[in-house]
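Heads up, the thing below is written out as structure tokens.
Numbered from 1 within each chain, the chains take letters A, B, ... in sequence-line order.
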Amino acid sequence: MCGRIVEVEAYHQDRDRASHSYDGPTQRNRVMFGPPGNLYVYFIYGIHFCMNVVSEPESLSVAVLIRALEPVTGIDTMRRLRGERVPDRNLSNGPARCCQALAVNREQDGTCLQGPDLYLEQGSPCPPDQVVAATRIGITKSVELPWRFLIKDNPHVSRKTATAVKRRG
DNA sequence: AGGATGATGAAG
DNA sequence: TTCATCATCCTA
């Protein structure tokens, strides 16, 4: 199966208190301190997995959380992994859903993203004016950093930005 | 449509 | 105790 990345968040060791790497290496986050191009998978809330792409040279400890994918191929496989009754738009609109849709779990922690089974490839370029920056989701520290990036009006992002107008009854 | 909640584990 | 979440169950 294959999905186009439509929403990500950046996590940085310096000044970013929301980053797993902020307090230095641990058993869990050690992949973040390794070479770029590897996948950092962590287990969260006792139930879910989330995946990040290590994106900067070794020990800088910068990673990009994959928050949403637009399903491209293998949609039937994704649905089998996510649940038969799950509609297309809910297959991979969320970090834990992305992992479930691509069958990513702790076995993939630290794997290279040019592997035979799991890999990242360059897609068609997205026009810069369609990329929206926003604040990150689900964090309580360093909330002000606008390091969530998503494609404008893409229906597969995990949630809309706060620009939606609320209609009053 | 939107808010509350429970599930459940790793790290400090 | 906190936490880079989600499905399900409410209320309206």
Cation-pi geometry met for A:Arg106 and A:Phe43 (6.0 Å, 45°): yes

So what does A:Arg28 touch, heavy atoms closer than 4.0 Å: a base, only the sugar-phosphate, or nothing? sugar-phosphate

Single-linkage hydrophobic cluster A:Leu39~A:Val54, side-chain heavy atoms < 4.5 angstrom: no

Go through C:dT5, C:dC3, B:dA10 for me and flag the one nearest to the A:Ala96 side chain. C:dT5

Let's see if you can work this out: which of C:dT5, C:dC3, C:dA4 has an atom nearest to the side-chain heavy atoms of A:Ile139? C:dA4

Measure from CZ on A:Phe149 to P on C:dA4 and round the result to the nearest Å. 18 Å

Using a heavy-atom distance cut-off of less than 4.0 Å, which residues of residues 7-21 of chain A contact DNA chain B? none

Are any non-hydrogen side-chain atoms of A:Gln114 and A:Asn38 less than 4.5 angstrom apart? no

Within residues 42-60 of chain A, those residues having any heavy atom closer than 4.0 Å to DNA chain B are A:Phe43, A:Tyr45, A:Gly46, A:Ile47

Nearest-nucleotide 5' precedence on DNA chain C, A:Val64 against A:Arg97: A:Val64

Look at all strands and tell whether A:Arg82 reaches a base, only sugar-phosphate, or nothing, counting heavy atoms closer than 4.0 Å. sugar-phosphate

Do A:Arg67 and A:Glu9 meet the salt-bridge criterion of a basic N to acidic O distance under 4.0 Å? yes

Stepwise, does the salt bridge (Lys or Arg N to Asp or Glu O under 4.0 Å) test hold for A:Arg148 with A:Glu7? CA-CA 7 Å; A:Arg148 175 181 176 228; A:Glu7 178 185 351; 2.8 Å; yes

Compute both the distance and the angle, then confirm whether A:Arg136 meets the cation-pi test with A:Phe149: under 6.0 Å from the six-membered ring centre, within 45 degrees of the axis. no

Pair pattern of DNA chain C in dot-bracket, where unpaired bases get dots and | marks partners in another strand, Watson-Crick or G-U under 3.5 angstrom: |||.|||||||.

Heavy-atom check, side chain of A:Tyr42 versus side chain of A:Asn29, under 4.5 Å: no

For the pair made of CG in A:Leu91 and P in C:dA7, what is the distance, rounded to whole Å? 10 Å

Between CZ of A:Arg30 and C1' of B:dA10 the distance, given in whole Å, is 14 Å

Can you confirm whether the side chains of A:His20 and A:Tyr40 place a donor and an acceptor under 3.5 Å from each other? yes

Using the side-chain heavy atoms of A:Pro95, tell me which of these nucleotides is nearest: C:dA4, B:dA10, C:dC6. C:dC6

Roughly how many Å is it from CG in A:Leu81 to P in C:dC6, rounded to a whole number? 16 Å

